[in-house]
Number of protein chains: 2
Amino acid sequence: MVTMRDVAKRAGVSIATVSFVLNDTKPVTPATRERIELAMTELGFRRNMVARALASRRTRIIAMAYPALDHRFGFSAAEFFTSAAEAARQQDYHLVLWPVGNDGGELTELVGQSLVDGVVLMEVQLDDPRIAVLQRTRTPFALIGRTTALEGLTHVDIDFDTTVEDAVGYLHGLGHRRLVLVSGDLADPRFHTYGPYVRSEAAYRRVAAGYGIETIVLECSDSTRAGREAATRLLRDHPETTAVLVLNEYSALGVMSGLNRLGRRIPDEISVLSLMAPDTAALSNPELTIMRTPGPELGRLGTEALIRQLEGATPLPPPHLIPAKLHLGESTAPPP
Amino acid sequence: MVTMRDVAKRAGVSIATVSFVLNDTKPVTPATRERIELAMTELGFRRNMVARALASRRTRIIAMAYPALDHRFGFSAAEFFTSAAEAARQQDYHLVLWPVGNDGGELTELVGQSLVDGVVLMEVQLDDPRIAVLQRTRTPFALIGRTTALEGLTHVDIDFDTTVEDAVGYLHGLGHRRLVLVSGDLADPRFHTYGPYVRSEAAYRRVAAGYGIETIVLECSDSTRAGREAATRLLRDHPETTAVLVLNEYSALGVMSGLNRLGRRIPDEISVLSLMAPDTAALSNPELTIMRTPGPELGRLGTEALIRQLEGATPLPPPHLIPAKLHLGESTAPPP
DNA sequence: GTGAAAGCGCTAACAA
DNA sequence: TTGTTAGCGCTTTCAC
């Protein structure tokens, strides 16, 4: 292995000088810098990140902690990850996806080993135990999602209020007055404090009340099967419904599939609108009209916010909340 | 931060002894071991992985290198990752998903930094440039997928021969004689040496010839949209087709959707069979019959093979090739 | 069975 | 502008 010592010897300088050009931490005359750089390429030097990390107490690794066992890794999550990794790379950090449990145990282990400089937390619960872990261990972190108590926490999230307002406004504008919200299954312990469901549902109740339309909410697990089953319940219990708003991407595909099976023509007889990533929307038939989850923006923003924190820079100014925007598909139309 | 030195002082032993109990590298009397363990819990000691890595020249981190920009991260990939991470954890390693480019550049950087002990390579091409990088840098690695030249490379992969035999055999057994294979887009530079397509297609030609049925192959990109478009081509150019075998999960969903749109009843008029993960199969309508990609097994096997290599253990005995097994859905039936 | 001490490759004072 | 040097926290010989 070629070390800085080798480079220094070859360039006829001290190891410290090599460090200075590598990190750009002190001025070095162009001549010596050039000699050092030449030596580095000649020798094929690659700096040892582990040694650097030990000496500087920074690894330049950011972990995106994903609760692999409790949430399936869907398209939206893939968007978060890809964009976050890209943002990190641009700032000379490595961002890796680190599967951890939802209870905080594995996260404790991870951050206790001082292997990562910071953590981007995905799928945050309203009272997430992992946040206590990060605070206790004084690990810098950023949230994609929000807890209930947000004081001082670096976070980015979907603006559910605006999103739901826009979604319902759009359907209302088309003439729909009999809507149903298909939310998550709040009885499921994994989700009963899951922000996206809780906040969207609250926003929906508020917005629906504002329009003076009846508020009907169906609960539904995050699976296609559950979505299909929800479609059955929907037609049985609320046959007069003309439009459905679905929060989960898997549920939405199931609702589409279920309505199709039951012979409802979409969008002629019933409209469906869902919060999801565009890749997913293309999977249904007809193609879904969606409120597009701002995955790329959130992944990038979250990572940038964390890195600013790591480098002691001034916090990123707002916006921290990004609304999902309407993308027209083929699943919405005026009511029959 | 609590260091081994603190623990040693508190337990009244030397730092070396602490290391011995931590790593179980030398015999220690039960009495002192107990004192040390007590001290560790009292102090809340957590070993610093970075220091350990520097001293031992092993990080116990395995990177699963994923060509994030060239391949979308789908359900099958998620299965690989989850099971691989689990297998690593059981052997006290960390496995993280590391997004890298397909050309080997970023991979060079990653392994040059001696941050990871080994690499699990996904989405391997038949002549993958990344493999040269790993060999040149003497990085231990395992492949999920196969190159053309395999001498001495640790790898696991789908047994495409058996898989295609079983798939075609199943359709043939149902009575189908007019089949079409929807393969990848070999004109796309990302895929023209992509093992799964190349091997499956070769196997298909062989098996079809064996049954004496005409060999028709449609090329199709890895997207739902492309799949839909392939369905159109299929019905236009080969209207007599009674069964379709699709290799890519996204394409398959698109083919289903496309056939649905064009008014073909599945499976009454045409059967569809695809190679994919069961989660994905549930997304289509009707639910797809699949050859289930052995993601969990491959992820686990690949990781275990790599770890054995890292620890100098004897290589894992075969099987290295796992066939996908038939999972009945609702998209296949005898021909009309 | 336990301890002393020499690194692992690098960073960052401090000195020159 | 450049060099000297003391760590970073741990592993691992080699003595005892």
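First the proteins, then the strands, lettered A, B, ... as listed; each starts at 1.
For the pair Leu22(A) CG and dC10(C) P, the computed distance is 8 Å after rounding to whole Å. Residue Asp24(A) contributes atom CG, which lies 12 Å from atom P of dT1(D) at whole-angstrom precision. Atom P of nucleotide dC8(D) and atom CE of Met4(B) are separated by 14 Å, given to the nearest angstrom. In this structure, Arg46(B) places its CZ atom 16 Å from C1' of dC10(D), rounding to the nearest Å. Between Glu34(A) atom CD and dT1(D) atom P there is a gap of 16 Å when expressed in whole angstrom units. Taking atom CE of Met1(B) as the reference point, atom P of dG9(D) lies 6 Å away to the nearest angstrom. Note: CE (Met49(B)) to P (dC10(D)) measures 11 Å, nearest angstrom. For the pair Asn48(A) CG and dG7(C) P, the computed distance is 18 Å after rounding to whole Å.
Residues Asn48(A) and Arg57(B) have side chains that never bring a donor and an acceptor to within less than 3.5 angstrom of each other. Side-chain contact check for Gln113(B) and His94(A): at least one donor-acceptor pair (N or O, by modelled atom type) lies under 3.5 Å.
Within the structure, every pair that satisfies the side chain to side chain donor-acceptor pair (under 3.5 Å) test and touches residues 34-45 of chain B, not counting sequence neighbours, is listed here: Arg10(B)-Glu42(B).
Non-hydrogen atoms lying under 4.0 Å from DNA chain C are contributed by Ala51(A), Arg52(A), Ala55(A), Ser56(A), all within residues 50-60 of chain A.
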- Message: If you apply the rule side chain to side chain contact (heavy atoms under 4.5 Å, CB included), what do you find for Leu143(B) with Thr154(B), and how did you get there?
- Response: CA-CA 6 Å; Leu143(B) 309 178; Thr154(B) 303; over 6 Å; no
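Side-chain atoms of Asp157(A) do not come within 3.5 Å of backbone N or O of Leu321(A) as any donor-acceptor pair. Between the Asn23(A) side chain and the Thr25(A) main chain, no donor and acceptor come within less than 3.5 Å of each other. A donor-acceptor contact shorter than 3.5 Å links the side chain of Gln125(B) to the backbone of Arg190(B).
Phosphate contact (OP1/OP2 of dT11(D), side-chain N/O of Asn23(B), threshold under 4.0 Å): present. When the side-chain nitrogen and oxygen atoms of Arg47(B) are compared with OP1 and OP2 of dT11(D), one or more of them lie within a distance under 4.0 Å.
A salt bridge links Arg300(B) with Glu304(B): the distance from a Lys NZ or Arg NE/NH1/NH2 to an Asp or Glu carboxylate oxygen falls below 4.0 Å.
Distance OG1/Thr59(B) to CZ/Arg52(B): 10.0 Å, rounded to 0.5 Å.
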N/O-N/O pairs, protein side and nucleotides 1-4 of chain C side, under 3.5 Å:
unit_1	atom_1	unit_2	atom_2	d
dT2(C)	OP1	Thr29(B)	OG1	2.8
dT2(C)	OP1	Thr32(B)	OG1	3.1
dT2(C)	OP2	Thr29(B)	N	3.0
dT2(C)	OP2	Thr29(B)	OG1	3.4
dT2(C)	OP2	Thr32(B)	OG1	3.1
dG3(C)	OP2	Ser14(B)	N	2.7
dG3(C)	OP2	Ser14(B)	OG	3.4
dG3(C)	OP2	Thr17(B)	OG1	2.6

